[in-house]
J.: 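Quick one: the structure is below, questions incoming.
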Amino acid sequence: MANFITGNQLTEEVYDVIHKAKKHLLIVSPYIKLDDYFKEELFENHKKNSELHIIIGFGKNEKNPQRSLKKEDLNYFKDFPNVSIIYIPKLHAKYYANEKKGIITSINLYDYSFKNNVEFGVISETSRFGGSGIDKEAWDATMNILGDNHTVYIRRPNYKKKFLGKDYLGSETNLDLTDELLSGNLPTKRCVFDFMNETYVNEEKATERLSREEFDLQKISEEPILVETVIAAPIVIEPNLKEQILPQGKALGKLISATNLGKIKGKSFNDVIETMVSNNYIVDKSVISEEGLNIGLNYRENAKGTKWIVYPESLAELL
């Protein structure tokens, strides 16, 4: 059932959606500005709840995103143990929801709006898991919008399973593109749903299966490949393997696979790929960008013509 609300009832209901969230808290607001009441009374206790997934969607002001969400408030949200922050350039809608109810409204999460503006809203108390009604429709539509826009920050909790329940071991930042956002240089869109909600330290993380060539490469003892001059022709370095030295590139020391590069810093294959994409060195796991060629990335090829990317060992410092 949906009800129209305004005035003090609207502000109190939005406060309750935030304060009473236990599992899910969705905040969609083009403009966000937090005063002490928002921080200390509504949000602060959530820092103790790693089970609560907070999703922040904000937008507008593509040339200056800090007009929509100041760096101070952005950094405040980054401290929560389980949070996703998504930038939506064309956002104008406002929606607040937790696992029990949602509010479609005109009000931004902005202290001035709560104190001074005339605002309207519709509140619906329906379960979005197997439920129906306007709130479930709003939730599902919002999830689609979030998935199509720029994920700029992901922080997820780590747990260790035990016989009855699990132990929280702290949280890990899986993605941080906030500097790129604030400088107006966001890379290719990252989808919020590409990131797991939580991980367990006594389980293998869900990673992409290695190709046979990538697996075999881990077994090969790689010798340093130093290139001091541009070489156009292939150099045979092992039976059935050849290193293609491209005219644009210059290797900067030992060239190793993404998997072995990650092992230097205790990172996964996917972690390496994400870092290289965010630095514009590769387009994806199989294509090197022009900038990547310039700093020494290269292709390795087996006798069957299958190629994969190798990286200068010095790039481990980026991980």
J.: So I264 and I256, side chain to side chain contact (heavy atoms under 4.5 Å, CB included) or not? Walk me through it.
T.: CA-CA 11 Å; I264 296 174; I256 58 178; 3.9 Å; yes
J.: Thinking salt bridges, do K78 and D176 make one under a 4.0 Å N-O criterion?
T.: yes
J.: Check the pair K20, E99 against salt bridge (Lys or Arg N to Asp or Glu O under 4.0 Å), reporting the backbone distance first and the verdict last.
T.: CA-CA 9 Å; K20 294 181 178 180; E99 61 274 6; over 6 Å; no
J.: Please check this pair: side chain of N98 against backbone of V17, looking for a donor-acceptor N/O pair closer than 3.5 Å.
T.: yes
J.: Yes or no on side-chain hydrogen bond (donor to acceptor under 3.5 Å, both in side chains) for S68 and Y87, after CA distance, side-chain angles and deciding distance?
T.: CA-CA 10 Å; S68 295; Y87 176 63; 5.9 Å; no
J.: Can you get from I107 to F120 by hopping between Ile, Leu, Val, Met, Phe, Trp and Tyr side chains that sit under 4.5 Å apart?
T.: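 No, I107 does not connect to F120 through the hydrophobic network.
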J.: If I take atom NZ from residue K160 and atom NZ from residue K166, how far apart are they, to the nearest 0.5 angstrom?
T.: 15.0 Å
J.: Hey, does the side chain of Y299 reach the backbone of I288 with a donor-acceptor pair shorter than 3.5 angstrom?
T.: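 Yes: the side chain of Y299 pairs with the backbone of I288.
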J.: Return yes if a side-chain donor-acceptor contact under 3.5 Å exists between R155 and S84, otherwise no.
T.: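 Per modelled atom types, R155 and S84 side chains form no pair under 3.5 Å.
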J.: Any non-hydrogen side-chain atom of I54 less than 4.5 Å from a side-chain atom of L52?
T.: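 The answer is yes; the side chains approach within 4.5 Å.
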J.: Are V310 and L297 close enough, and set up right, to give a side chain to side chain contact (heavy atoms under 4.5 Å, CB included), and what steps lead you there?
T.: CA-CA 6 Å; V310 287; L297 274 69; over 6 Å; no
J.: So that I can tick it off, tell me whether K189 and D148 are bridged by a salt bridge, with the cut-off set at under 4.0 angstrom between side-chain N and carboxylate O.
T.: no
J.: Working note: D167 + K161, criterion salt bridge (Lys or Arg N to Asp or Glu O under 4.0 Å); need CA distance, chi angles, decisive distance, verdict.
T.: CA-CA 6 Å; D167 289 329; K161 280 188 176 180; over 6 Å; no
J.: Taking salt bridge (Lys or Arg N to Asp or Glu O under 4.0 Å) as the definition, give me every residue that meets it alongside D79, ordered by chain and number, with sequence neighbours left out.
T.: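 Scan of D79 (salt bridge (Lys or Arg N to Asp or Glu O under 4.0 Å), adjacent residues dropped) gives none.
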J.: State, to 0.1 Å, how close P81 and H46 come at their nearest heavy-atom pair, and which atoms those are.
T.: CD-O, 4.0 Å
J.: So, for N82 and P157, which heavy atoms are closest and what is the spacing to 0.1 Å?
T.: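 Taking every non-hydrogen atom into account, CG-CD, 3.5 Å.
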J.: So if you build clusters from Ile, Leu, Val, Met, Phe, Trp, Tyr with side-chain heavy-atom gaps below 4.5 Å, do V14 and F4 land together?
T.: no
J.: Side chains of N280 and S289: any donor to acceptor distance under 3.5 Å?
T.: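 Per modelled atom types, S289 and N280 side chains form no pair under 3.5 Å.
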J.: Tell me whether R67 contacts the main-chain N or O of E62 through its side chain, where contact means a donor paired with an acceptor under 3.5 Å.
T.: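 No; zero donor-acceptor contacts below 3.5 Å.
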J.: Would you please test I56 and I32 for side chain to side chain contact (heavy atoms under 4.5 Å, CB included) and show each step?
T.: CA-CA 10 Å; I56 307 291; I32 296 177; 3.6 Å; yes
J.: Nearest 0.5 Å, what's the NZ-OG1 distance between K267 and T259?
T.: 15.0 Å
J.: Group every Ile, Leu, Val, Met, Phe, Trp and Tyr by side-chain heavy-atom contacts under 4.5 Å, then state whether Y110 and L25 land in the same group.
T.: no
J.: So if you build clusters from Ile, Leu, Val, Met, Phe, Trp, Tyr with side-chain heavy-atom gaps below 4.5 Å, do I18 and Y112 land together?
T.: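 Different clusters: I18 never reaches Y112 through Ile, Leu, Val, Met, Phe, Trp or Tyr contacts under 4.5 Å.
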J.: For the rings on Y37 and F114, is their centre-to-centre separation under 6.0 Å?
T.: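 So the answer is no for these two rings.
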J.: Quick check for you: to the nearest 0.5 Å, what is the distance between L146 atom CG and T151 atom OG1?
T.: 8.0 Å
J.: Does any non-hydrogen side-chain atom of K265 lie less than 4.5 Å from one of E317?
T.: yes
J.: Taking all heavy atoms of N8 and all of T11, pick out the closest pair and write down the distance.
T.: O-OG1, 2.9 Å
J.: Does the side chain of K115 reach to within under 4.5 Å of the side chain of D35, using non-hydrogen atoms?
T.: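 K115 reaches D35 side chain to side chain.
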J.: Using the rule that Ile, Leu, Val, Met, Phe, Trp and Tyr join whenever any side-chain heavy atoms are under 4.5 Å apart, tell me whether F193 and V83 fall into a single cluster.
T.: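 They do share one cluster, since a chain of ILVMFWY contacts under 4.5 Å joins F193 to V83.
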J.: Can you tell me if NZ on K47 sees more than 12 non-hydrogen neighbours from other groups inside 6.0 Å?
T.: yes
J.: Using side-chain heavy atoms (C-beta onward) and a distance below 4.5 Å, is L315 in contact with I295?
T.: yes
J.: Decide yes or no for H24 and W139: does some side-chain heavy atom of the first lie under 4.5 Å from some side-chain heavy atom of the second?
T.: yes
J.: Of all heavy-atom pairs between I134 and A2, which one has the smallest distance, and what is that distance?
T.: CG2-CB, 3.9 Å
J.: Output yes when E274 and R190 qualify as a salt bridge under the 4.0 Å nitrogen-oxygen rule, no when they do not.
T.: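 The answer is yes: the pair qualifies as a salt bridge.
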J.: Would you find a donor on one side and an acceptor on the other, under 3.5 Å apart, between the side chain of D73 and the backbone of L34?
T.: yes
J.: Cut-off 3.5 Å, side chains only: do E119 and N117 have a donor facing an acceptor?
T.: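 Yes, N117 and E119 have a side-chain donor paired with an acceptor closer than 3.5 Å.
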J.: Supply the atom-to-atom distance N75 CG to L69 CG, rounded to the nearest 0.5 angstrom.
T.: 9.0 Å
J.: Hey, could you give me the CG/CG distance between D179 and L186, rounded to the nearest 0.5 Å?
T.: 11.0 Å
J.: At what distance, to the nearest 0.5 angstrom, does CG of L10 lie from OG of S106?
T.: 6.5 Å
J.: A side-chain contact here means heavy atoms from C-beta on lying under 4.5 Å apart; do I154 and T173 qualify?
T.: no
J.: Begin with the C-alpha distance, continue with both residues' side-chain angles, and end with the deciding distance and a verdict on side chain to side chain contact (heavy atoms under 4.5 Å, CB included) for K71 and L182.
T.: CA-CA 8 Å; K71 186 174 183 179; L182 297 178; 3.8 Å; yes
J.: Ignoring hydrogens and geometry beyond distance, is a side-chain donor-acceptor pair present between N108 and S113 at under 3.5 Å?
T.: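 No - no donor-acceptor pair under 3.5 Å links their side chains.
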J.: Run the salt bridge (Lys or Arg N to Asp or Glu O under 4.0 Å) test on E51 and K23 for me, step by step, so that the C-alpha distance in whole Å, both residues' side-chain angles and the decisive distance to 0.1 Å come before the verdict.
T.: CA-CA 6 Å; E51 297 278 334; K23 292 290 185 180; 3.1 Å; yes
J.: Determine, stepwise, if the pair Y31 / F58 fulfils ring-ring contact (aromatic ring centres under 6.0 Å, His included).
T.: CA-CA 6 Å; Y31 297 94; F58 74 104; 9.7 Å; no
J.: Judged by modelled atom types alone, do D135 and Y95 share a side-chain donor-acceptor pair under 3.5 Å?
T.: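 D135 vs Y95: donor-acceptor pair found between side chains.
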J.: Mind checking whether L255 and P312 have side chains closer than 4.5 Å, heavy atoms only?
T.: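 Side-chain contact under 4.5 Å: yes.
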J.: Do N3 and V122 have side chains that get closer than 4.5 Å, going by heavy atoms?
T.: no
J.: For the residue pair I27 and L109, what are the closest heavy atoms and their distance?
T.: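 Heavy atoms only, the tightest pair is CG2-CD2, 3.9 Å.
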J.: Salt-bridged, R156 to E172, with N to O below 4.0 Å?
T.: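 Not counted as a salt bridge, because no side-chain N and carboxylate O are separated by less than 4.0 Å.
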J.: May I ask you to check if K39 and Y76 form a cation-pi contact, with NZ or CZ under 6.0 angstrom from the six-membered ring centre and within 45° of the axis?
T.: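 Yes; both conditions hold, so K39 lies above the ring face of Y76.
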J.: Can the ring centroids of Y311 and Y281 be said to lie less than 6.0 angstrom from one another?
T.: no
J.: Determine the sole option in I85, T142, L26 for which the side-chain contact (heavy atoms from CB on, under 4.5 Å) test with I55 is passed.
T.: L26
J.: How close do C191 and G147 get, counting heavy atoms only, and between which atoms?
T.: SG-O, 3.6 Å
J.: Tell me yes or no: between the side chains of S286 and D284, is some donor less than 3.5 Å from an acceptor?
T.: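 Judged by distance alone, the side chains do pair up.
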J.: Determine whether a donor-acceptor pair (N or O, by modelled atom type, separation under 3.5 Å) exists between the side chain of D271 and the backbone of S268.
T.: yes
J.: Indicate, with yes or no, if the rings of Y153 and F77 have centres closer together than 6.0 Å.
T.: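 Here the rings of F77 and Y153 have centres that are no less than 6.0 Å from each other.
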